[in-house]
Amino acid sequence: MIPKQLACVSALVGAGGNLGAVIALWCFYKPLGPIDTLLPFKVHAGYVMINALLTAVYYWPDKGGMFARPRKQLPECVDQQQHEIGRQRQQQQQQQ
């Protein structure tokens, strides 16, 4: 993320979360209310449990996962793009 755009990104993420909550309420929970008053809470608990269990399988190649190390070790730099630029500069210097 570009630091200059932090405010815009934060605003969009916040607004998206609020809109997502309204959509989830109307699509998933409201139709279940007339059936049983506790059913929407049970369904929500199921969503939370499934997502919590899925966090164990998240994996990023440069950072690793909960039970696995990263596949490739990057040097201490801000991001992959800076690493590539630095590698290209080193190759150019070696060629000269």
Legend entry - Over all atoms of both residues, closest heavy-atom pair of K42 and D36: NZ-OD2, 4.1 Å
Legend entry - Nearest-0.5 Å distance, CG of residue L6 to NZ of residue K4: 13.5 Å
Inset, instruction - Output the rest of the hydrophobic cluster of V48: all Ile, Leu, Val, Met, Phe, Trp and Tyr residues reachable through side-chain heavy-atom contacts under 4.5 Å, sorted by chain and number. - result: none
Would you be so kind as to tabulate the donor-acceptor pairs closer than 3.5 Å made by side chains of residues 17-29, with sequence neighbours excluded?
| unit_1 | atom_1 | unit_2 | atom_2 | d |
| --- | --- | --- | --- | --- |
| Y29 | OH | H44 | ND1 | 2.6 |

Inset, instruction - Report yes if some heavy atom in the side chain of I50 is under 4.5 Å from a heavy atom in the side chain of L54; otherwise report no. - result: yes
Legend entry - L38, V43, L39 screened by side-chain contact (heavy atoms from CB on, under 4.5 Å) with F41, the one that passes: L38
